[in-house]
Amino acid sequence: MRLDGVLFFPVTPFDTDGSVNGQALAAHVAKGVAAGAGGVFAACGTGEFNALSLDEYATVVSTSVAAASGHAPVLSGAGGSLPFAQSCARAAAEAGADGLLLMPPYLVTAPATGLVDYVRQVAAVTDLPIIVYQRGTARFTPTAAVALTELPSVIGFKDGLGDFDLLQRIILRVREATDRDFTFFNGLPTAELTVPAYRGLGVPLYSSAVFAFAPEIALAFYKAVTGGDEVLVQRLLTSFYLPLVELRDLVPGYAVSLVKAGVRLRGLDAGSVRAPLVDATPEHVAALERIIATGLELAG
């Protein structure tokens, strides 16, 4: 499995009774794949992995796999307590997922050796390829990252810390230690804002929450940044991504809530977010609508 292009992190739509809205999810994923997603990451952070039961998780993954119809690889989240992460791994395999994004263990702070063992024990219950997500309490050392490459099913490393000194040292040590095709990618919230910096480290791949509600803007940015159109890159960063990030930072959890609001603004009823997240206020939704309009105008 080789990931390329813009990586799509769909939301998980909920019905008015709070249940997973499978029909809306299928439409959401199918639309993203048709728009040109390079990969679908279902039931991950943007998809409110933290709020799903195991049965709901399995539904989200199987629905996403069916909607993608083999046109893009589908990876799903796993994480939390070790038994739950292992259960997710098994459920994802049964649902037909192509791989896993292994997120941090629940809350605990652990040494890097313990994090490697966590990854090892999840990998032991599945043959699915695994991308390890460095974020929050899951902070790897260069030595620990090298140890990850010794696990055959671990194929990549997603960085959500933004510690460029640490990431550079990890990349150098991993490249020195193995000639495997090991993928690194930018997993910061609203990753496009830091794409130029990550590309400077030799990490061109990134996740795009914006793709979930405005694929036209996400693709325009991707084409500009990969095609060397620095003028458009700067215009989109300044007039779309920067205001979006400033709005996102007003309320904790808006990295998900605003994406869901954006999906609703673009015509798909994705429902509300689940507690402890809160929906965007009407004032903030109106601001988001203006930001999207500006982005669409810039994207042409």
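On a predicted model such as this, the values are computed, not experimentally measured, just so you know.
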Non-neighbouring partners of Y206 that pass ring pair (Phe, Tyr, Trp, His ring centres under 6.0 Å), sequence neighbours left out:
none

Which donor-acceptor pairs under 3.5 Å do the side chains of residues 26-38 make with protein atoms, sequence neighbours left out?
residue : atom : partner : partner atom : Å
H28     : NE2  : V11     : N            : 3.2

Between F157 and F140, what is the ring plane arrangement, given parallel below 30°, perpendicular above 60°, and tilted in between?
perpendicular

Could you name each residue pair satisfying salt bridge (charged side-chain N to carboxylate O under 4.0 Å, His left out) that touches residues 260-270, not counting sequence neighbours?
E48-K260, E216-R266

According to ring pair (Phe, Tyr, Trp, His ring centres under 6.0 Å), does anything in residues 116-138 pair up with another residue at least two apart or in another chain? List the pairs.
none

Provide the closest heavy-atom pair for L54 versus S87 in the form atom of the first, atom of the second, distance.
CD2-CB, 3.8 Å

Could you check whether any side-chain heavy atom of F41 comes within less than 4.5 Å of a side-chain heavy atom of L100, counting everything from C-beta outward?
no

Which residues share a ring pair (Phe, Tyr, Trp, His ring centres under 6.0 Å) with Y106, sequence neighbours left out
none

What residues, two or more places apart in sequence or in another chain, satisfy side-chain contact (heavy atoms from CB on, under 4.5 Å) together with S53?
D55, E56

Sort and list the pairs that fulfil salt bridge (charged side-chain N to carboxylate O under 4.0 Å, His left out) and have at least one residue in residues 236-259, not counting sequence neighbours.
none

Would you check if the side chain of D159 reaches a backbone N or O of L167 as a donor-acceptor pair within less than 3.5 Å?
no

Go through the structure and list residues passing ring pair (Phe, Tyr, Trp, His ring centres under 6.0 Å) with Y222, not counting sequence neighbours.
none

Minimal non-hydrogen separation, A138 against L115, with atom names
CA-CD1, 3.8 Å

With sequence neighbours excluded, give me every salt bridge (charged side-chain N to carboxylate O under 4.0 Å, His left out) pair touching residues 136-150.
R139-D163

4.5 Å side-chain heavy-atom contact, C88 and Y57:
yes

Indicate, with yes or no, if I131 and L82 share a hydrophobic cluster defined by side-chain heavy-atom contacts under 4.5 Å among Ile, Leu, Val, Met, Phe, Trp and Tyr.
yes

Connected via hydrophobic side-chain network under 4.5 Å: L242 and L236
no

Summary of ring pair (Phe, Tyr, Trp, His ring centres under 6.0 Å) pairs that have at least one residue in residues 252-300, sequence neighbours excluded
Y254-H284

R199 atom CZ: more than 12 heavy-atom contacts under 6.0 Å:
yes

Pairs where residues 85-113 contributes a residue and the test salt bridge (charged side-chain N to carboxylate O under 4.0 Å, His left out) is met, not counting sequence neighbours
none

Any donor and acceptor pair, going by atom type alone, linking the side chain of T126 with main-chain N or O of L128 inside 3.5 Å?
yes

What residues form a ring pair (Phe, Tyr, Trp, His ring centres under 6.0 Å) with F221, not counting sequence neighbours?
Y241

For the CG atom on D17, are there more than 12 heavy atoms of other groups (residues, nucleotides or ligands in this structure) within a distance under 6.0 Å?
yes

If hydrophobic clusters are built from ILVMFWY residues whose side chains come within less than 4.5 Å, do L193 and V256 share one?
no

Answer with yes or no after comparing the ring centroid distance for F164 and Y198 against a 6.0 Å cut-off, counting only values under it.
yes

Is atom CD of Q121 surrounded by more than 12 heavy atoms (other residues, nucleotides or ligands) closer than 6.0 Å?
yes

Within the side chain of T238, is there an N or O that forms a donor-acceptor pair under 3.5 Å with the backbone of R235?
no

Under 4.5 Å between side-chain heavy atoms, hopping through other hydrophobics if needed: is there a path connecting F14 to L258?
yes

